[in-house]
Amino acid sequence: MYRTTLSYLGCNPCEYFCSIGTSVSRWCSDRSQDCDNRDQSCCNMRNFAFLTQTDTLDLSAGGHIPFSGTTVIGEGFQLDAGVLRVELPGVYHLSYTINIPSNADVATTFVVQAGGQDVAGTQQSITHVAGMTSATVSGSAIFEATEQVDIALVSLQALTMTPDVAGDTLATLTIEAL
């Protein structure tokens with residue numbers, strides 16, 4: 001059972017769990033927290049990031065996808081030059097999707113890297129010849145950040161892709177705190 005002095009993502013856990021509709025009595029042994037008086041900054045935290053890439057990708061071997069499309073970035077994350085920084089220690093779930101257009105010749109391996117190291121379970125290889133139907137590559141993993149770390153979706157081989165239709169999403173990356 002949580003005590004009201006512990007912290008969850010920098011917030012009182014009673015306030016956090018109260019904010020998501022869970023019974024205070026379930027999480028707070030002394031029932032001292034009143035949902036109507038909770039700290040609104042904790043109640044409104046968005047602990048996830050969603051990034052997209054819609055422009056042509058022209059990557060050298062080992063280059064990261066520079067996410068520059070539509071983004072939704074919550075507390076504890078920062079986007080800098082297409083690389084996502086996880087600013088708070090914790091356990092996270094990440095997932096990515098790469099949409100290979102029908103017009104693309106692709107032979108590469110994609111992997112998510114945290115601090116320059118491969119995140120286990122995220123490596124996916126694909127070979128696609130232009131003229132084939134479009135293809136999708138995806139991966140997901142749970143990882144722990146013990147300190148601030150940069151997250152990048154990397155192509156291990158050189159890669160050039162242009163969307164079949166301008167504005168189509170070529171890549172997405174989602175990370176959420178658990």
Q: Determine whether F110 and I126 make a side-chain contact, defined as any pair of heavy atoms from C-beta on separated by less than 4.5 Å.
A: yes

Q.
What I'd like to find out is whether the side chain of T172 reaches to under 4.5 Å of the side chain of F50, using heavy atoms alone.
A. yes

Q. Are the side chain of T109 and the backbone N or O of Q124 linked by a donor-acceptor pair below 3.5 Å?
A. no

Q.
Let's go through T108 and S155 carefully: what are the C-alpha distance in whole Å and the side-chain angles of both, what is the deciding distance for side chain to side chain donor-acceptor pair (under 3.5 Å) to 0.1 Å, and is it a yes or a no?
A. CA-CA 6 Å; T108 191; S155 174; 2.7 Å; yes

Q. Under 3.5 Å, side chain of T169 to main-chain N/O of A171, donor-acceptor pair present?
A. no

Q | Donor-acceptor under 3.5 Å (N47 side chain, E176 main chain) | A | no

Q: Please name the pair of heavy atoms, one in L79 and one in F67, separated by the smallest distance, quoted to 0.1 Å.
A: CD2-O, 3.8 Å

**Q.** Side chain to side chain, T162 and D55, heavy atoms closer than 4.5 Å
**A.** no

Q) Does V112 offer a backbone N or O that forms a donor-acceptor pair with the side chain of T122 under 3.5 Å? A) yes

Q. Got a sec, which hydrophobics cluster with V83, joining ILVMFWY side chains under 4.5 Å apart, including via others?
A. none

(Q) Does any part of the side chain of V137, heavy atoms only, come nearer than 4.5 Å to the side chain of T97, both counted from C-beta? (A) no

Q. Given I65 and L57, is the side-chain contact (heavy atoms from CB on, under 4.5 Å) satisfied, shown in steps?
A. CA-CA 7 Å; I65 294 176; L57 289 176; 3.9 Å; yes

(Q) Using a 3.5 Å distance criterion without hydrogens, assess whether the side chain of D150 forms a donor-acceptor pair with backbone atoms of G115. (A) no

Q) Can you tell if the side chain of I98 reaches within under 4.5 Å of the side chain of T136, non-hydrogen atoms only? A) no

Q.
Within this structure, what is the CG-CG distance for the pair D118 and L156, rounded to the nearest 0.5 Å?
A. 6.5 Å

(Q) I'd like to know if the side chain of H128 and the backbone of A104 have a donor-acceptor N/O pair within less than 3.5 Å. (A) yes

Q | Shortest non-hydrogen separation from N103 to P163 and the atoms involved | A | ND2-O, 4.0 Å

Q | Same cluster (ILVMFWY, side-chain, under 4.5 Å), Y92 and V119 | A | yes

**Q.** pair D168-N99: side-chain heavy atoms closer than 4.5 Å
**A.** no

Q: Decide side-chain contact (heavy atoms from CB on, under 4.5 Å) for F77 and L84; before the verdict, give the C-alpha distance in whole Å, the side-chain angles of both, and the deciding distance to 0.1 Å.
A: CA-CA 7 Å; F77 298 97; L84 184 68; 4.0 Å; yes

Q: For the residue pair M132 and S102, establish whether any side-chain heavy-atom pair is separated by less than 4.5 Å.
A: no

Please tabulate, for side-chain N and O atoms in residues 140-147, each donor-acceptor pair with protein atoms closer than 3.5 Å (sequence neighbours left out).
none

Q. Is the shortest heavy-atom distance from the side chain of T54 to the side chain of L170 under 4.5 Å?
A. no

